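Below you'll find the structure, written out as structure tokens, and then a few comments.
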Amino acid sequence: MTDPTITELADAAVATRPLDFLADFASMSRNGATERGGVDRQAATIADGQNRNWFRGLVEGHGFTVHYDQVGNQYCLLELSPGAPWIAVGSHLDSQPLGGRFDGAYGVLAGAHAALQVQQRLHNDAQEAKFNIVVINWFNEEGCRFKPSMMGSSVYTGKLSAAQALNTTDPAGVSVHEALQAIGTIGDFELQVEAYVEIHIEQGRSLEDRGLTIGLVESTWGANKYEFTVHGEQSHTGATVIADRHDALLGASALVVAAREVALEYSTEEHMVITSCGEFTVLPNSPVVVASQVNLLVDVRSTDPEVLAAADAALHDRVRQIEKMASVTIERGASHIWGSKQYDESGINLARNAAQAVGLEHGVVRTLAGHDSTNMKDIVPTIMLFVPSVEGISHNEGELTQDKDMLAGVRMLSEVLHRVVTGEFV
Ligand code: GLV
Ligand code: MN
Ligand code: MN
């Protein structure tokens, strides 16, 4: 009797290990759990490191091998056909501070489960795979501790240099490089992939409102995100007469209001404009001191490039007006911009056929939020799928996707991946 081959051992492992998505999701959600049912796993923090290691252990137990690249992207390789090219499925395991447990994490875990289901199905049907599957946990999609967002996939797709990413510091001055080394999830792995698939929670209401289980994402909204610094002059809040003030906080507050006004003014029936200020840091932030400086991040988004450009120009006009009104100067620092773009038409068709085959209610949607697929679709054929978010709540500990929708998404993803690895897409 001869020893079993590695493939036979892997097959046996798949056949004997029960897969329980909901149990794994519940275990994962304990990493960095917050009191109100969310998670706090900002990029390369201890909680993110724990979760990355937890995920590594999980997938290694199912026959994957795990590697890290130079900016901490985590690659979990499931070899189906030795020597064949690779297709990727992924999302991100990092979160916002006090974020939801589904955003990103659902897609990474769903990717691993779907990949294993595909392996099992190929085995049962004695079918050859044309591609191997890598599940990728992209580093720092959220961009809260380190800006910009979608950092790992931006480096992978050549939109950001690895050096720039690694030298980026958090508010405490810790660099991405130092933080990744501290949690031990950095390496030198490189892998070319031929196609990309991502599943994510919708983070909006459209699927729920339409009674659909699966969204076939056809395009992204365009987004312009800017870091502004308002420079004023520090002085005494009581003793400085109004005429002498250069109040950075007044200028920054006016900019927050201007951003909202621009959204209201430039939205049309057909094309909405969405603006926001999500981060606002006041210096020195002391009770009896007129602020010397405020750093804030403003984003402007729209489905239509012309509407976006007009809203953006109006915001910049308002910046000039605010400088005069508050007697401050406003400097624009780094920006992070992506256009409103279509996803691959043939990928949408493949996903539609897959949804029909597995009997899931589906429809076309657009994504307001950025995702790693926003980057990946610019370099390889990409399919992006959504599952519903209850009441559209996201970036909130109350974020929720129902169990039945998570499971339907895994079923859908496994059907899509099966079609991709058997050569229906690329
Ligand atoms: C993600 O990075 C977003 O801004 O939507
Ligand atoms: Mn996300
Ligand atoms: Mn997010």
Side-chain angles (χ1 to χ4, degrees), residues 28-29 32 34 38-43 48 51 73 89-111 136-155 157 159-160 165 168 196-204 215 217 219-227 259 272-279 296-303 308 334-341 365-378 382 384-389 392-401 406 409:
M28 181 171 68
S29 302
T34 59
V39 292
D40 191 342
R41 295 193 298 240
Q42 295 178 62
D48 185 33
N51 199 39
N73 292 317
V89 56
S91 198
H92 60 98
L93 291 182
D94 69 311
S95 82
Q96 290 287 331
L98 303 180
R101 59 192 196 277
F102 302 85
D103 177 357
Y106 167 68
V108 177
L109 189 63
I136 305 181
N137 162 26
W138 298 106
F139 175 66
N140 187 26
E141 192 278 343
E142 295 291 0
C144 37
R145 181 179 177 195
F146 301 104
K147 286 186 265 305
S149 60
M150 291 140 54
M151 185 177 263
S153 56
S154 293
V155 172
T157 53
K159 297 178 183 193
L160 179 73
T168 303
Y196 180 67
V197 183
E198 179 165 351
I199 193 162
H200 200 280
I201 57 164
E202 184 188 12
Q203 306 176 283
V217 181
S219 60
T220 57
W221 285 46
N224 298 353
K225 297 190 192 176
Y226 301 112
E227 288 176 35
M272 215 189 285
V273 173
I274 289 186
T275 58
S276 214
C277 165
E279 193 180 55
L296 70 164
L297 201 137
V298 177
D299 65 68
V300 189
R301 306 183 192 222
S302 178
T303 39
L308 180 60
S335 51
H336 182 202
I337 289 179
W338 64 85
S340 133
K341 276 219 189 136
V365 287
R366 304 189 71 165
T367 175
L368 284 90
H371 299 290
D372 296 302
S373 73
T374 311
N375 282 330
M376 287 302 281
K377 73 174 182 349
D378 295 338
T382 290
M384 180 80 199
L385 306 168
F386 277 166
V387 288
S389 292
I393 293 167
S394 187
H395 283 188
N396 180 311
E397 291 164 282
E399 187 177 88
L400 179 65
T401 292
M406 287 206 283

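When a ligand or atom number is given, it counts from 1 through the structure's own listing order. Computed from a predicted model, the values in this text were never measured in an experiment.
At a threshold of 2.8 Å, the Mn ion (ligand 2) has no backbone or side-chain N, O or S atom of Glu142 nearer than that distance. For the Mn ion (ligand 3), the N/O/S atoms of Asp103 include one lying under 2.8 Å. Look at His92 and the Mn ion (ligand 2): an N/O/S atom of the residue is under 2.8 Å from the metal.
If you take NE2 on His395 and SG on Cys144, they are separated by 8.0 Å, rounding to the nearest 0.5 Å. For the atom pair CG of Asp40 and CG of Leu98, the computed distance is 5.5 Å after rounding to the nearest 0.5 Å. Between atom CH2 of residue Trp138 and atom OG of residue Ser373 there is a gap of 10.5 Å, rounded to the nearest 0.5 Å. With values rounded to the nearest 0.5 angstrom, Thr168 atom OG1 is found 6.5 Å from Leu160 atom CG.
Side-chain atoms of Glu202 and Ser389 include no donor-acceptor pair closer than 3.5 Å.
The shortest contact between atom 4 (O) of ligand 1 and any protein heavy atom is with Lys225 NZ, 2.5 Å. When only non-hydrogen protein atoms are considered, atom 5 (O) of ligand 1 lies nearest to Gly370 N, 2.6 Å. Scanning the protein heavy atoms around atom 2 (O) of ligand 1, the nearest turns out to be Ser149 OG, 2.8 Å.
The shortest N or O to N or O distance between Met150 and ligand 1 is not below 3.5 Å. For the pair Trp338 and ligand 1, the shortest N or O to N or O distance does not fall below 3.5 Å.
Of the heavy atoms in Arg301, only side-chain atoms (C-beta onward) come closer than 4.0 Å to ligand 1.
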Exercise for the section: Show your working on side chain to side chain donor-acceptor pair (under 3.5 Å) between His92 and Asn140 and close with a plain yes or no. Expected result: CA-CA 7 Å; His92 60 98; Asn140 187 26; over 6 Å; no
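Side-chain contact between Asp94 and Arg41 is absent, with no heavy-atom pair separated by less than 4.5 Å.
Residue-ligand proximity, Ala369 to ligand 1, at heavy-atom distances under 4.0 Å covers atoms 5 (O).
Remark: the backbone N or O of Leu93 is paired with a side-chain donor or acceptor of Asn137 at under 3.5 angstrom.
Using a 4.0 angstrom heavy-atom cutoff, Met151 does not count as in contact with ligand 1.
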